[in-house]
> 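One structure, pasted below without further comment.
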Number of protein chains: 2
Amino acid sequence: MSPELNFRDLCHRCNLAATHQRQVIYETVLSLHGHPSPELIYAKVRKKVPSISLATVYKNLRTFIESGMLREVGLPHGSLRVESNQKIHHHLVCVECKSITDLDEAGIDPVRLRQKLPPGFQVRRISVDVLGTCSQCSSRAPRSSRF
Amino acid sequence: MSPELNFRDLCHRCNLAATHQRQVIYETVLSLHGHPSPELIYAKVRKKVPSISLATVYKNLRTFIESGMLREVGLPHGSLRVESNQKIHHHLVCVECKSITDLDEAGIDPVRLRQKLPPGFQVRRISVDVLGTCSQCSSRAPRSSRF
DNA sequence: CTAGATGCAAACAGTTTGCGTCACT
DNA sequence: AGTGACGCAAACTGTTTGCATCTAG
């Protein structure tokens with residue numbers, strides 16, 4: 001399972017050209033195995049491909065997310081959103097149109113932590129987001145896939 | 001329980017001056033009872049206080065979030081973050097320094113939906129984020145409170 | 001050969017900041 | 001009276017886009 005082979009296969013399955021830049025970006029994200037920002041990825045990738053541009057990194061991260069090769073952490077990135085609903089509740093989020101709907105707490109099994117957290121971590125709240133596509137966006141042309 | 005009285009009390013408890021702008025912003029967010037963006041709030045507030053500036057809206061939303069009068073939806077707003085971990089897992093997020101750590105799926109009871117979702121909504125995944133402050137940030141000067 | 005990918009620079013959206021003036025306490 | 005809030009404009013960060021050139025298939 002050489003990474004080279006895997007990457008080409010992955011790209012072919014996603015109908016993406018297997019370019020050098022693309023491969024370096026992808027493998028860099030894998031090597032960072034955390035939750036790196038575009039800037040950090042850019043900095044690392046640059047060491048291998050000094051001529052690469054930040055725009056290429058952004059374009060490819062989006063491409064990877066859309067094709068399911070990578071995942072975006074948290075809500076699909078948009079603007080600040082604020083809420084006044086003080087009751088415990090969760091959110092139904094459309095990853096296409098970014099609409100957010102409240103879900104009553106009763107609709108989801110209560111979340112309980114079974115795991116030891118890092119010492120000193122003070123939990124403030126637990127947020128549950130159900131991500132997907134709403135009916136309108138589901139019927140429109142699908143943008144991202146998954147396999 | 002007139003809103004006027006409530007608002008002044010709230011502000012006093014948070015050591016905030018109860019200004020007219022602040023009150024209109026706060027009540028506007030309540031009246032929208034959804035997940036409004038700063039721009040939407042600004043547009044609505046402007047109808048009551050035409051001279052208000054967008055900066056004031058932003059400043060006060062941040063103030064409200066810090067003092068616990070409002071809540072920010074989703075992760076504390078920063079830059080795009082990407083991950084390659086394909087296993088089901090969840091996140092431990094520090095709301096101060098924005099650090100993200102993976103939590104193994106086994107550490108949290110499996111989330112199951114008991115509630116009927118809007119028809120046509122296609123669930124893609126469920127994201128669970130444990131929000132709080134990490135040990136380092138907990139020991140530093142606390143920024144936001146809650147009562 | 002051709003569709004699509006890259007690199008650059010410029011544009012853009014959302015958000016924050018500095019500063020002089022004004023208002024709440 | 002003094003601290004902090006407001007309004008304005010300018011700065012800034014993160015991200016996207018247009019376009020000419022290049023490259024994988």
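A, B, ... follow the sequence lines: proteins, then strands. Residue 1 opens every chain. Given the structure is predicted, the values throughout are model-derived calculations rather than measurements.
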> For residues A:R22 and A:Y26, is any side-chain donor paired with an opposing acceptor at under 3.5 Å?
no
> To the nearest Å, give me how far apart OH (B:Y42) and C1' (D:dC8) are.
10 Å
> Taking atom CG of B:L70 and atom CD1 of B:I41, what is their separation to the nearest 0.5 Å?
7.5 Å
> Would you say B:R62 places a side-chain N or O within less than 4.0 Å of OP1 or OP2 belonging to C:dT15?
no
> How is B:L54 classified with respect to the nucleic acid when contacts are heavy atoms under 4.0 Å: base, sugar-phosphate, or nothing?
base
> Could you tell me how far apart B:I25 (CD1) and D:dC6 (C1') are, to the nearest whole angstrom?
10 Å
> From the options D:dA9, D:dA5, D:dT17, select the nucleotide whose nearest atom is closest to the side chain of B:R22.
D:dA5
> Can you check the B:E39 CD to C:dT16 P distance for me, whole Å?
13 Å
> Counting just side-chain N and O atoms, does A:N15 come under 4.0 Å of either OP1 or OP2 of C:dG4?
no
> Counting neighbours of CD1 on B:I88 that are heavy atoms of other residues, nucleotides or ligands and sit closer than 6.0 Å, is the number greater than 12?
no
> Which is more 5' along DNA chain D, the nucleotide nearest A:Y58 or the one nearest B:T56? Just name the residue.
B:T56
> Rounded to the nearest angstrom, tell me the gap between atom CG in B:L80 and atom C1' in D:dT15.
9 Å
> Atom pairs, N/O to N/O, protein against nucleotides 21-25 of chain C, distance under 3.5 Å?
| from | atom 1 | to | atom 2 | distance (Å) |
| --- | --- | --- | --- | --- |
| C:dT25 | OP1 | B:A18 | N | 3.2 |
| C:dT25 | OP2 | B:R8 | NH2 | 3.0 |

> Grab the CG-C1' distance between A:N60 and D:dT15 for me, whole Å please.
15 Å
> When the nearest nucleotide of DNA chain D is assigned to B:G78 and to B:V49 on a heavy-atom basis, which residue is associated with the more 5' position?
B:V49
> What's the OH-C1' distance between A:Y26 and C:dA5, to the nearest Å?
19 Å
> Rounding to an integer number of Å, can you tell me how far A:Q23 CD sits from D:dG25 P?
11 Å
> Regarding C:dG7, can its base be found pairing with the side chain of A:K59 as donor and acceptor, where the two atoms are less than 3.5 Å apart?
yes
> Which part of the nucleic acid, if any, lies within contact of A:S51, taking any heavy atom under 4.0 Å across all strands shown: a base, the sugar-phosphate backbone alone, or nothing?
sugar-phosphate
